[in-house]
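Report on the structure given below.
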Amino acid sequence: MADQPNPRGRIRPAPESFLTEAEITAVKEGRRDFLRNAFVTASAALAGSSVARAAEGDPNILTLPPWTTSLGQPVAARPYGLPSQYEKGLQRRESPGLTRMPQVSVAFTPLQGLFGIITPSGLHFERHHQGWVDIDPSKHRLMVHGTDDSFLKQPKVYTVDDILRLPPVSRMHFIECGANTGMEWGNVAVPTVQYSHGMLSCSEFTGVPLRVILEDCGIDWKKAKYVLAEGADGSSMTRTIPIEMVQSDEVLVAYGQNGEMLRPENGYPLRLVVPGVQGVSWVKWLRRIEVGDKPWATKDEAIHYIDLMPDGQHRQYTSVQECKSVITTPSGGQILLDKGFYNISGLAWSGRGKVKRVDVSTDGGINWRPARVEGPVNSKCLTRFNIDWVWDGKPAILQSRAMDETGYVQPAYGQLRAVRGTKSIYHNNAIQSWKVIEGGEVSNVQVL
Amino acid sequence: MFRFSKPALGGAIALALAALTAGSALADGRYAGIGRSATRAEIHAWDIDVRPDFKGLRPGSGSVDQGQEVWEAKCTSCHGSFGESNEVHTPLIGGTTKDDIKTGHVLSLVKGDAPQRSAIMKVATVSTLFDYINRAMPLTAPKSLSNDEVYALVAYLLNLAEIVPGDFVLTEKNIAEAQARMPNRNGMRTDHGMWPGASAAKGGMGNGGKPDVKNTACMSNCKTEVKIASLLPVYAETAHGNLAEQNRPVGPVRGKDTSGKAGATPAAPAPLSENAAASKLAQDSGCMACHGVAGKIVGPGYNEVLAKYRGQADAEARLAAKVKAGGQGVWGAIPMPPQTQLKDEDIRSLVKWIMSGAKAQ
């Protein structure tokens, strides 16, 4: 039985190890009465004979399962594929009580169960200001014009056909809502990384640089200072974008997301991609670009998405998502199975460029070790980090701290609050702490 | 030369030839055959934004009294009679004083003693109110207000905040004067490092990207003690559903069972019954934002509707008409807005469901 996993000290029964060594011994000695006790957490339906055989090894191996002994499903049984039925736990969810109307709300990405850096399109977080719409692409138009005639030689209208004919680029970028982690400014408020950091997603976007379209309209780059982007949904949401970001070729009029068209919840058929900038500027269902010389102070840059400082002033036009990271596993609301080896894994990102380094602490920030930063490391894109950890069963506090290529280091809560107070709502990029207790339970705490 | 990229094609000859040559690059950044000119009428139809200097504002006028009328018909159900409601959205009005109108900076923001921030405590510009109401309100029927109605609604809101008197008529000519009295007009700053464009020194905004918070990458003995400032409150752990069901059933960790009934196997979901389908329709159509099944929220509870109309032969038809056209007075002063977005058949199933007791299953 040397190859049988030793379940002693195991905190949570894993599916494959429901018999203790003592129970296996009991079976070998011919005692069958252990049945009454041993199968509380295992399959009670197992026949006596297979139980006897279990002593010789794992019944999942010794008794061939139905999927090994039957014909499987035909191709295209599900013409648009779906995740396994066992993956239902990983879904977008609302945070109860955060908003009162589901059309004006948020659904968070389940970061606790995702791998690598790309967010599956169906799990991309949602934030709608007036509900989502599914637009007929043949009736959608993109209009480009100036605040007056001097900004562009030729105001133009593009169909989706037109946009898809233009030369495209594909780039991977993160998108994070400015209010991500906003519920945690004052104190711990939510149990898991889904709710604390799940207004964060990352995709490969395909589209046309907005610069190309503006040049096609004959823009006067000397006169243009800002553009206004507007959506076609009921809210017709508007945001001011700096012309310098457009000129740098970063800003895209995107239609592709992870190899297919954008999902309706993410702006089908056209959305703006503004790398490194908070999600509200990535206007969905994009219908209009206006070129002008002054910012517009729209509702989402004059009433919301303004950061309240301790002196009672609001910061307006705060747009960049500064360097931030979070450990996604183990994370809040999870329970470690056992003592021993773990891979601590998480995500790091910066709105100012590439992630240069991520350090991880398991003692609440007294000592740190550099994590392995996995490739690819792209600018303004999620970056995966991993680090080995052997849990000794004692209490621990897990933290990650990212540094970007500008040398900026993600701050601790104490440092962030010393400058910005606790009422900002937006742009909380503090170091996240997960406390592990002896039983293996992980919970959300804040360390100054 | 026709394989040159666009910067090489500057001259007039190259321009003309490029247009004629298949597979060649661009003339002056222009893409042949892509897009078309926008007409004046098209730009006029979509270019509705209004800037803080009121560029884009279309002439018009509306009085506080007219605003109140429109408000009571179309806005009260979500925002309350005086814009003070916290039921559906955060309050629009409240928390500002006459003194704030003088200083231009809301004092309760400085003191930090306001229980929450109303829109008028934050917004510095009347243009923002006009632009947003015009493009997005009412929530279920955006862009249905006339230009003068928007003027009137803005006048009404400004009057509620005591920025303009009760006999005020807002026009394109005096809107800048009203803006100069906004209680938080001096409450906004842009001298931070989070604007991604040119800095103020270079004609843009902000400090050019200089961060305000600094940390260093200390690696060992960085502090002597770990100060835990905040722990997860128990109610917050259980308020987010069963965390065991929000994690994968395999891997290095499991989700914590926060259901309060660990060990029970969840029942398989049954197909939707007729009641469940109607209940879902009511949820999806936004009815439940204002109506409870067993009590009043903004409008009457469905149990109250049933009690009032039970046994009346034409009840279903009358209720269906009310849902479609809206109504006021039967249940108090707050009107129910017309639900023109609903299909007739959906209205019929909703009314039938309400009159059968609005059961969930």
Side-chain angles (χ1 to χ4, degrees), chain A residues 12 86 89 96 100-101 113 143 145 154-158 162 165 187-189 191 215-216 228 234-236 242 244-245 277 288 294 296-297 299 302-303 312-320 330 333-336 342 364-368 403 408-409 411 415-416 419 443-448, chain B residues 29-31 34-38 43 46 49 51-52 55 88 109-110 119 122-123 125 128 132 135-136 142 187-190 192 194-198 205 211-213 215-217 219-220 222-223 226-232 236-237 239-240 243 245-249 252-256 289:
Chain A
R12 302 279 289 176
Y86 302 105
R100 287 172 223 187
M101 205 178 259
M143 182 187 291
H145 67 94
Q154 185 68 77
K156 286 183 82 165
V157 171
Y158 298 89
D162 289 326
R165 280 173 68 185
N187 50 269
V188 173
E215 283 186 356
D216 186 54
L228 182 77
S235 78
S236 298
E244 295 81 13
M245 279 199 79
V277 166
R288 189 169 71 94
K294 284 183 181 159
W296 277 265
K299 184 262 286 178
I303 297 177
Q313 289 279 337
H314 284 90
R315 283 185 180 168
Q316 200 176 11
Y317 301 108
T318 46
S319 303
V320 173
Q334 297 182 332
I335 301 174
L336 302 176
Y342 283 89
I366 297 172
N367 297 295
W368 299 81
M403 184 201 279
Y408 173 91
V409 180
Q415 294 166 324
L416 189 65
V419 179
S443 66
N444 186 0
V445 297
Q446 287 182 354
V447 173
L448 292 179
Chain B
R30 305 298 182 97
Y31 289 85
I34 306 279
R36 62 164 176 83
S37 298
I43 296 173
W46 277 10
D49 56 77
R51 286 196 323 202
K55 185 111 182 163
V88 186
L109 293 174
V110 181
K122 296 187 278 183
V123 67
T125 36
T128 306
Y132 180 62
R135 71 175 55 248
M188 298 280 183
R189 309 178 65 129
T190 55
H192 52 74
M194 293 166 77
W195 174 248
M205 280 192 273
D212 57 343
V213 183
N215 192 5
T216 51
M219 294 306 282
S220 55
C222 302
K223 53 189 173 187
V226 176
K227 275 192 212 153
I228 293 187
S230 173
L231 296 159
L232 181 68
E237 182 174 60
H240 285 76
L243 304 180
E245 292 167 6
Q246 301 179 20
N247 280 275
R248 191 166 278 124
V253 296
R254 297 290 179 275
K256 184 182 176 184

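Naming convention: chains lettered A, B, ... in sequence-line order (proteins, then strands); numbering from 1 in each chain.
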Under 4.5 Å from any heavy atom of chain A, what part of [X] do you find: side chain, backbone, both or neither?
X	value
Ser220(B)	both
Ala239(B)	backbone
Lys55(B)	side chain

Main chain of [Y], side chain of [X]: is a donor-acceptor contact present, judged purely on distance under 3.5 Å?
X	Y	result
Tyr317(A)	Ala297(A)	yes
Ser319(A)	Val277(A)	no
Lys256(B)	Ser443(A)	no
Gln334(A)	Asn247(B)	no
His192(B)	Gln316(A)	yes

Most chain A-contacting option - heavy-atom pairs closer than 4.5 Å, from [options]:
options	value
Pro252(B), Gly197(B), Ala236(B), Ala229(B)	Pro252(B)
Gly35(B), Pro211(B), Pro142(B)	Gly35(B)
Thr128(B), Leu243(B), Val88(B)	Thr128(B)
Asp212(B), Thr125(B), Val226(B)	Asp212(B)

Out of [options], return the one with the most heavy atom pairs under 4.5 angstrom to chain B.
options	value
Asn444(A), Ile366(A), Val445(A)	Ile366(A)
Asn367(A), Leu228(A), Val157(A)	Val157(A)
Gly234(A), Pro411(A), Ser235(A)	Gly234(A)
Gln154(A), Arg165(A), Arg288(A)	Arg288(A)
Gln446(A), Gln313(A), Lys299(A)	Gln313(A)

Approximate separation, where rounding is to 0.5 Å, of Trp195(B) CH2 and Thr190(B) OG1: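 Taking CH2 in Trp195(B) and OG1 in Thr190(B), the distance rounds to 9.5 Å.
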Residue list, side chain to side chain contact (heavy atoms under 4.5 Å, CB included) with Arg100(A), at least two apart or on another chain: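 Here the qualifying residues are Asn86(B).
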Segment of Val447(A) engaging chain B (4.5 angstrom heavy-atom cut-off):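 For Val447(A), the contact with chain B is made by backbone and side chain together.
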Proximity breakdown for Glu244(A) and chain B, heavy-atom pairs closer than 4.5 Å: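 Interface part for Glu244(A): side chain.
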Lys156(A): side chain to side chain donor-acceptor pair (under 3.5 Å) partners, not counting sequence neighbours: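 With neighbours one apart ignored, the set is Asp216(A).
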Residue pair Met188(B) / Ala302(A): nearest heavy atoms and the distance that separates them: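 Taking every non-hydrogen atom into account, CE-O, 3.3 Å.
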